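Notes follow the structure.
From a predicted model like this one, the values you see are computed outputs, not experimental measurements. When a residue number appears, it is its place in the shown sequence, counting from 1.
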Amino acid sequence: MTDVFGLSHKDAGPVTGQTRHEQVVFCSDERSGLRAIIAIHNTALGPALGGTRFYPYESEQAALADVLNLSRAMAYKNALAGLDLGGGKAVIIGDPATDKSEALLRAYGRFVQSLGGRYFTACDVGTFSEDMDIVARESSYVTGRTPAHGGAGDSSILTAYGVFQGMRAAAGHSWGAPTLRGRRVGVEGVGKVGNRLVDHLVEDGAEVVICDVSEAATERLVRRHPHVQVVADRLELTSSALDVYAPCALGGALDDETVARLSATVVCGGANNQLAHPGVEKQLADRGVLYAPDYVVNAGGVIQVADEIEGFNMDRARAKATQIYDTTLKIFSSAAEDGVPPAVAADRLAERRMSEVGRIRGIWLGH
């Protein structure tokens with residue numbers, strides 16, 4: 001069973017005085033078929049922001065476990081991205097290809113609105129900007145909308161850009177030059193983020209090999225980049241000779257078996273929650289693999305949609321996403337200095353900001 005009130009490995013000590021999830025909301029509308037869960041991990045830095053994942057979970061328990069992990073990761077991601085936003089996430093249980101409807105999305109929007117601004121939503125796996133436009137017909141707290149409605153559009157644009165900046169930082173740290181030119185990069189998952197990441201890698205001169213459960217996705221990418229190599233699955237990808245492994249599909253890609261067979265020097269990808277369980281970060285470090293923490297390098301998307309809150313400007317958002325390069329280097333440096341894996345250094349940096357800024361929010365303003 002998932003313990004809604006329990007502590008995670010990241011919550012082992014006091015961070016902001018808020019070591020557990022602040023709020024978990026179960027949303028149900030029988031006529032539209034809506035079954036959703038909204039999880040707010042903490043609001044130490046501001047209202048929670050995180051996307052809505054629409055996915056056919058095997059059970060409500062699996063959905064709950066996922067939304068708790070994802071919302072916790074968003075708190076750390078938003079903190080390290082320098083945003084004045086807390087961490088939240090939502091999941092809608094169902095198959096987006098068959099269950100998604102206007103009525104369901106609008107019902108979901110009503111639940112988001114009912115939280116009064118404690119949670120801002122956006123796109124994630126299974127949802128798109130056009131869906132957010134529908135959700136926004138019932139809620140004021142929606143980002144990731146289409147440009148026609150004043151939004152940032154597809155957040156995968158800056159997600160992929162940020163991952164590429166993190167990968168450049170990892171290359172500079174590992175090989176002395178912030179470029180992937182001549183490096184063999186394996187990208188698992190070429191959906192919204194992965195296919196854009198491949199564009200950056202090809203432009204930079206990398207040799208790219210890919211895999212995806214969707215044959216259509218790989219075919220679309222190969223039509224654009226004929227020199228990209230396609231392999232059958234993750235097993236074949238991670239068993240091959242790589243300089244960089246980029247997980248860009250669903251979470252948990254870095255399990256014991258995958259880490260044991262990896263030949264890559266660097267792991268840096270766009271997927272959330274890449275570490276299958278606590279301790280994997282140490283296994284990677286012990287094997288000499290440099291891990292760029294996922295919630296650091298994939299923060300470009302949340303930077304993009306967060307910019308909508310004050311009126312979207314792509315140049316401003318892109319400039320902030322470019323800073324992922326410097327943040328990643330800072331984490332690698334701190335990790336080496338303290339003798340800990342980069343994931344631990346990143347956690348400490350995020351927790352320090354949540355604690356220090358969260359404390360300032362306690363200063364009485366008189367209203």
Check: Residues two or more places apart in sequence or in another chain: which of them pass ring pair (Phe, Tyr, Trp, His ring centres under 6.0 Å) with Phe312?
Finding: none
Next item on the list: Provide the closest heavy-atom pair for Ala321 versus Ile303 in the form atom of the first, atom of the second, distance.
Entry: CA-CD1, 3.9 Å
Check: Is there a donor-acceptor pair closer than 3.5 Å between any side-chain N or O of Ser71 and the backbone N or O of Leu68?
Finding: yes
Notebook entry, point to check: Is there any salt bridge (Lys or Arg N to Asp or Glu O under 4.0 Å) pair reaching into residues 200-222, and which pairs are they, with sequence neighbours excluded?
Noted result: Arg184-Glu207
Margin query: Working to the nearest 0.5 angstrom, can you tell me the gap between Ile40 CD1 and Met74 CE?
Written below: 12.5 Å
Note to self: Between Thr328 and Ile324 (side chain of the first, backbone of the second, donor and acceptor by atom type, cut-off under 3.5 Å), is there such a pair?
What the structure shows: yes
Check: If you measure from the Lys or Arg side-chain nitrogens to the Asp or Glu carboxylate oxygens, is any gap between Asp307 and Lys320 under 4.0 Å?
Finding: no
Note to self: Once you measure the plane-to-plane angle for His41 and His21, does it fall in the parallel (<30°), tilted (30-60°) or perpendicular (>60°) bin?
What the structure shows: perpendicular
Note to self: Test: ring pair (Phe, Tyr, Trp, His ring centres under 6.0 Å). Region: residues 216-238. Which pairs qualify, not counting sequence neighbours?
What the structure shows: none
Note to self: Test of understanding: clusters of I, L, V, M, F, W, Y form through side-chain heavy atoms closer than 4.5 Å, transitively. Do Val302 and Leu158 belong to the same one?
What the structure shows: no
Note to self: Starting from Tyr325, can I reach Val296 by hopping between I/L/V/M/F/W/Y residues whose side chains sit under 4.5 Å apart?
What the structure shows: no
Notebook entry, point to check: Which pairs pass salt bridge (Lys or Arg N to Asp or Glu O under 4.0 Å) with one or both residues in residues 155-168, sequence neighbours excluded?
Noted result: none
Notebook entry, point to check: Given Arg35 and Ser28, is the side-chain hydrogen bond (donor to acceptor under 3.5 Å, both in side chains) satisfied, shown in steps?
Noted result: CA-CA 5 Å; Arg35 290 186 299 152; Ser28 176; over 6 Å; no
Checklist line | Asp154 vs Lys192, salt bridge (charged side-chain N to carboxylate O under 4.0 Å, His left out): CA-CA, chis, key distance, verdict | finding: CA-CA 9 Å; Asp154 185 358; Lys192 291 192 285 186; 5.2 Å; no
Next item on the list: Could you tell me which residues satisfy side chain to side chain contact (heavy atoms under 4.5 Å, CB included) with Val357, sequence neighbours excluded, listed by chain and number?
Entry: Leu45, Arg353
Note to self: Apply the hydrophobic cluster definition, ILVMFWY joined by side-chain contacts under 4.5 Å directly or through others, and give me every member besides Val344.
What the structure shows: Val340
Notebook entry, point to check: Asp199 and Arg224: side-chain contact (heavy atoms from CB on, under 4.5 Å), yes or no, with the steps?
Noted result: CA-CA 9 Å; Asp199 291 342; Arg224 196 164 71 250; 3.1 Å; yes
Check: Is Arg196 positioned over the aromatic face of Tyr161, cation under 6.0 angstrom from the ring centre and no more than 45 degrees off axis?
Finding: no
Next item on the list: Determine, for Asp286 against Lys282, whether the closest basic-nitrogen to carboxylate-oxygen distance falls under 4.0 angstrom.
Entry: yes
Next item on the list: Could you walk me through whether Tyr57 and Ser59 pass side-chain hydrogen bond (donor to acceptor under 3.5 Å, both in side chains), step by step?
Entry: CA-CA 5 Å; Tyr57 293 96; Ser59 65; over 6 Å; no
Margin query: I'd like to know if the side chain of Asp131 and the backbone of Cys123 have a donor-acceptor N/O pair within less than 3.5 Å.
Written below: no
Check: Going through the checks in order, is the side-chain hydrogen bond (donor to acceptor under 3.5 Å, both in side chains) test met by Thr265 and Ser174?
Finding: CA-CA 8 Å; Thr265 302; Ser174 298; over 6 Å; no
Checklist line | Lys77 and Asp294 ion-paired at < 4.0 Å | finding: no
Notebook entry, point to check: With no hydrogens and no angle check, is any side-chain donor or acceptor of Glu281 less than 3.5 Å from a backbone partner on Gly279?
Noted result: yes
Next item on the list: Would you confirm whether Glu236, through its side chain, and Ala232, through its main-chain N or O, come within 3.5 Å as a donor-acceptor pair?
Entry: yes
Next item on the list: Report yes or no: does Gln165 contribute a side-chain atom to a donor-acceptor pair with the main-chain N or O of Val297 at less than 3.5 Å?
Entry: no
Item checked: ring pair (Phe, Tyr, Trp, His ring centres under 6.0 Å) against Phe128, all qualifying residues, sequence neighbours excluded -> none
Item checked: Test log, rule side-chain contact (heavy atoms from CB on, under 4.5 Å), inputs Leu80 and Ile331 -> CA-CA 10 Å; Leu80 279 183; Ile331 287 165; 4.0 Å; yes
Margin query: A quick test of your reading: do over 12 heavy atoms of other residues, nucleotides or ligands sit less than 6.0 Å from NZ of Lys330?
Written below: no
Checklist line | Donor-acceptor under 3.5 Å (Ser156 side chain, Thr159 main chain) | finding: no
Check: Would a distance-only check, ignoring hydrogens and angles, find a side-chain to backbone donor-acceptor pair under 3.5 Å from Ser334 to Ala345?
Finding: no
Next item on the list: Mind checking side chain to side chain contact (heavy atoms under 4.5 Å, CB included) for Ile134 and listing every partner two or more places apart, or none if nothing turns up?
Entry: Glu102, Leu105, Arg106
Notebook entry, point to check: Atom CD1 in Ile93, atom CD in Glu58: separation rounded to 0.5 Å?
Noted result: 12.0 Å
Check: Is there a path from Leu262 to Leu235 through hydrophobic residues (I, L, V, M, F, W, Y) whose side chains come within less than 4.5 Å of each other?
Finding: no
Margin query: Enumerate the salt bridge (Lys or Arg N to Asp or Glu O under 4.0 Å) contacts for residues 251-279, please, sequence neighbours excluded, ordered by first and then second residue.
Written below: Arg234-Asp255
Next item on the list: Consider only side-chain heavy atoms of I, L, V, M, F, W and Y, link residues closer than 4.5 Å, and tell whether Leu34 and Ile38 are in one cluster.
Entry: yes
Notebook entry, point to check: Quick check: are there more than 12 heavy atoms from other residues, nucleotides or ligands sitting under 6.0 Å from CZ of Arg359?
Noted result: no
Next item on the list: Can you sort out the partners of Phe111 under ring pair (Phe, Tyr, Trp, His ring centres under 6.0 Å), two or more places apart, ordered by chain and number?
Entry: none
Next item on the list: Given side-chain contact (heavy atoms from CB on, under 4.5 Å), test Glu138 with Gln113 step by step and report yes or no.
Entry: CA-CA 7 Å; Glu138 302 294 340; Gln113 184 69 14; 5.9 Å; no
Checklist line | Parallel, tilted or perpendicular, as decided by the 30° and 60° cut-offs, for the rings of His200 and Phe164 | finding: parallel
Item checked: Contacts of Tyr108 that satisfy ring pair (Phe, Tyr, Trp, His ring centres under 6.0 Å) - sequence neighbours left out -> none
Checklist line | Shared hydrophobic cluster, Leu201 / Trp175 (ILVMFWY, side-chain heavy atoms < 4.5 Å) | finding: yes
Checklist line | Pairing of Arg118 and Glu22 as salt bridge, 4.0 angstrom limit | finding: yes
Note to self: By the definition side chain to side chain contact (heavy atoms under 4.5 Å, CB included), identify the one residue from Leu115, Ile309, Val142 that meets it with Phe120.
What the structure shows: Ile309
Item checked: Worked check of side-chain contact (heavy atoms from CB on, under 4.5 Å) between Ile210 and Thr218 -> CA-CA 8 Å; Ile210 65 171; Thr218 58; 4.1 Å; yes
Check: Would you say the side-chain atoms of Thr143 pair up with the backbone N or O of Thr121, donor to acceptor, closer than 3.5 Å?
Finding: yes
Check: Any Lys/Arg nitrogen of Glu308 or Arg145 sitting under 4.0 Å from an Asp/Glu carboxylate oxygen of the other?
Finding: no
Check: Within the distance-only criterion (no hydrogens, no angle test), does the side chain of Asp124 pair as donor or acceptor with the backbone N or O of Gly51 below 3.5 angstrom?
Finding: no
Item checked: Partners meeting side chain to side chain contact (heavy atoms under 4.5 Å, CB included) with Ala249 (sequence neighbours left out) -> Glu188
Item checked: Worked verdict on Tyr76 versus Asp347 for side-chain hydrogen bond (donor to acceptor under 3.5 Å, both in side chains) -> CA-CA 7 Å; Tyr76 284 70; Asp347 287 354; 5.7 Å; no
